Asks: 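Can you read through this structure? Questions will come right after.
Just so you know, these numbers come straight off a predicted model, no measurement behind them. By convention in this document, chain letters (A, B, ...) are assigned in the order of the sequence lines, proteins followed by strands, and residues within each chain are numbered from 1.
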2 protein chains.
Amino acid sequence: MSKQIASSRSPSFLKCGQCSLGSLCLPVGLDGQDMVDLENIVDSSSPFGNEERVYNAGQTFDRIYAVKSGMFKTVIIDSLGNDHITGFHLPGELFGLDAIYSKKYMSSAVSLGTSSLCAIEYKELESLSHKLPSLQHQLLNLMSKEVQQSQSLNVDLTAEQKLAGFLIALAARYKQRGYSETRFHLVMPRRDIANHLNMAPETVSRLFKRFVNDGLLTINRTDLTIVDMTALKEMGGCASVC
Amino acid sequence: MSKQIASSRSPSFLKCGQCSLGSLCLPVGLDGQDMVDLENIVDSSSPFGNEERVYNAGQTFDRIYAVKSGMFKTVIIDSLGNDHITGFHLPGELFGLDAIYSKKYMSSAVSLGTSSLCAIEYKELESLSHKLPSLQHQLLNLMSKEVQQSQSLNVDLTAEQKLAGFLIALAARYKQRGYSETRFHLVMPRRDIANHLNMAPETVSRLFKRFVNDGLLTINRTDLTIVDMTALKEMGGCASVC
DNA sequence: GTAGACGCTTGATATGAGTCAAGACCCCAA
DNA sequence: TTGGGGTCTTGACTCATATCAAGCGTCTAC
């Protein structure tokens, strides 16, 4: 990828210690010199435009990424050429972790809208983790969370339950980041939501209509408001986040 | 759990350095004193009987487990009471890793047939990982593998593709452990296979019949022989293991 | 042996969600 | 302002797989 990566030393770079996402991201538990050590292995990228690629499946793994702003999706492609969105990544979340074992990216990472991220050389991160117990701890925690989340996506639910669960989880993640949990923008197109949840875009459309009719939410293109959170949670069966 | 756990110092315990699973399990990359250090935090359990529980969902997380012999399944239960088998674990594989983040087990672990395992206090494992770069490396690798695998289970496939993929992956894992990759025992009941793959037991039954009719495999209760691996792989679309 | 239980198989039917096809809406560009 | 391309919605129809309901093995216990 020819994307320009600014060094952490460049003036435009907001260091981890100053970043508002510190409480969600890798720096959890770090301060003083430890924080500086981490900052020194983090590089900040210039923004990505809509649908711009960070890396492609099959590329040699070297870095993991943390979302700084906007949203990224990770997409795997099976041998038949069908693609599947494994996740949408919000600010403070990491992606690329699935490549550690295989040493090459198993998925492609793509920007949704205008988004930016931080890149961390994995080799350096692993070394630094030996020195900094808190960093190792947080890295393992974040990977564990990832395991748990992708496992809970596997449960057999109706389309209705899956979509409700998806919205609840998204709301919770926005809330965690200090945004409204009842009103937010659906950055990704319906097609992407459908793909991620293994359903047809038409089904997503019909379900949204039903949710609106049932007074669970209002929606205007990408502007979504959750009207009855309780009912939505009940419907989703607390599938993802309870 | 009242299960007896023998200390690694007890005579019956086969130490990691002598264990044939060392090349798959945590000890990868360790030797000398490092191996001894690991052995000292590993406890070996007495065998579990069929359907016996190792831990229950909701219990406080303290240990991760490595399968020594037999097979274990991990089961999550959603708020509606439906259970879902997140995985079957073969010798050398770890489970309980999804609990690191949440600090309590998200799933229950259950023995299939007579099986045994090793228990590792997670706190001690994390501490030891600071000291031993190779151990940290392997732990992160195994977690990454787990992420990748559960993600690839999420792709939208037909029942036929899912079952074929499941058998291929199982064959590959047996091969890795020095067993035949074409002939093995299906330790788990049809019901469990169906549950894991999100289908009805009847569908599994019908598909097995079709696979036999099409000359892909022969099956006698739990005794399965893959006759045409190539065709099976093609059918599975290399979904899990290529 | 025989009875009971359990798991597996098989067939008939139902249904949720996919597919196909058309139309509506929205946004941008000229 | 108008035209064109994309995304989203809606309706009609199809199909894969679930569900329901027997029936069949096979194993165990007495």
Asks: Should we count OH of B:Tyr174 as having more than 12 external heavy atoms under 6.0 Å?
Replies: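 Counting other residues, nucleotides and ligands, OH of B:Tyr174 exceeds 12 neighbours.
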Asks: Could you tell me from which nucleotide to which nucleotide of DNA chain C, 5' to 3', there is an atom under 4.0 Å from chain B heavy atoms?
Replies: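 First and last nucleotides in contact are C:dG7 to C:dA12.
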Asks: For residues 182-204 of chain A, which residue pairs qualify under salt bridge (Lys or Arg N to Asp or Glu O under 4.0 Å), counting only residues two or more places apart or in two chains?
Replies: A:Lys73-A:Asp192, A:Arg183-A:Asp223
Asks: For A:Lys145, give me all partners under salt bridge (Lys or Arg N to Asp or Glu O under 4.0 Å), at least two apart in sequence or on another chain.
Replies: none
Asks: With sequence neighbours left out, write down each residue that passes ring pair (Phe, Tyr, Trp, His ring centres under 6.0 Å) with A:Tyr101, or none if nothing qualifies.
Replies: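 Not a single residue meets the ring pair (Phe, Tyr, Trp, His ring centres under 6.0 Å) criterion with A:Tyr101.
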Asks: Given that A:Val204 and A:Asp156 both sit by DNA chain D, which one's nearest nucleotide is further toward the 5' end?
Replies: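 Its nucleotide being nearer the 5' end, the pick is A:Val204.
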Asks: With sequence neighbours left out, what residues match A:Arg210 under salt bridge (Lys or Arg N to Asp or Glu O under 4.0 Å)?
Replies: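 A:Arg210 satisfies salt bridge (Lys or Arg N to Asp or Glu O under 4.0 Å) with A:Glu160 only.
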Asks: So which of residues 187-195 of chain B are in contact with DNA chain C, with a heavy-atom cut-off of under 4.0 Å?
Replies: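 Under 4.0 Å from DNA chain C: B:Pro189, B:Arg190, B:Arg191.
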Asks: Tell me, please, which residues at least two apart from B:Thr203 pass side-chain hydrogen bond (donor to acceptor under 3.5 Å, both in side chains).
Replies: none
Asks: Would you list the pairs meeting salt bridge (Lys or Arg N to Asp or Glu O under 4.0 Å) in which at least one residue belongs to residues 90-101 of chain B, sequence neighbours left out?
Replies: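 For residues 90-101 of chain B, and leaving out neighbouring residues, the salt bridge (Lys or Arg N to Asp or Glu O under 4.0 Å) pairs sorted by first residue read B:Glu93-B:Arg173, B:Glu93-B:Arg177.
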Asks: Which residues pass the ring pair (Phe, Tyr, Trp, His ring centres under 6.0 Å) test with B:His84, not counting sequence neighbours?
Replies: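 Expected list: none.
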Asks: Just to verify, what does A:Phe211 make a ring pair (Phe, Tyr, Trp, His ring centres under 6.0 Å) with, not counting sequence neighbours?
Replies: none
Asks: Quick one: pull up CG in B:Asn154 and CG in A:Asn154 and give me the separation to the nearest 0.5 Å.
Replies: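 B:Asn154 atom CG to A:Asn154 atom CG measures 4.0 Å (nearest 0.5 Å).
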Asks: So B:Tyr105 and B:Tyr55, would you call those rings parallel, tilted or perpendicular, with 30° and 60° as cut-offs?
Replies: parallel
Asks: Below 4.0 Å from chain A heavy atoms, what is the first contacting nucleotide of DNA chain D and what is the last?
Replies: D:dT7 to D:dA12
Asks: Checking ring pair (Phe, Tyr, Trp, His ring centres under 6.0 Å) against B:Phe72, which of B:Phe88, B:Tyr65, B:Phe48 comes through?
Replies: B:Phe48
Asks: Pick base, sugar-phosphate or nothing for B:Ala200, based on heavy-atom distances below 4.0 Å to the nucleic acid.
Replies: base
Asks: Just checking A:Lys103: does its NZ atom have more than 12 heavy atoms from other residues, nucleotides or ligands closer to it than 6.0 angstrom?
Replies: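 Yes, the 6.0 Å shell around NZ holds more than 12 heavy atoms from other groups.
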Asks: Specify the residues of residues 208-226 of chain B, ordered by number, for which at least one heavy atom lies under 4.0 angstrom from an atom of DNA chain C.
Replies: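 The answer is B:Lys209.
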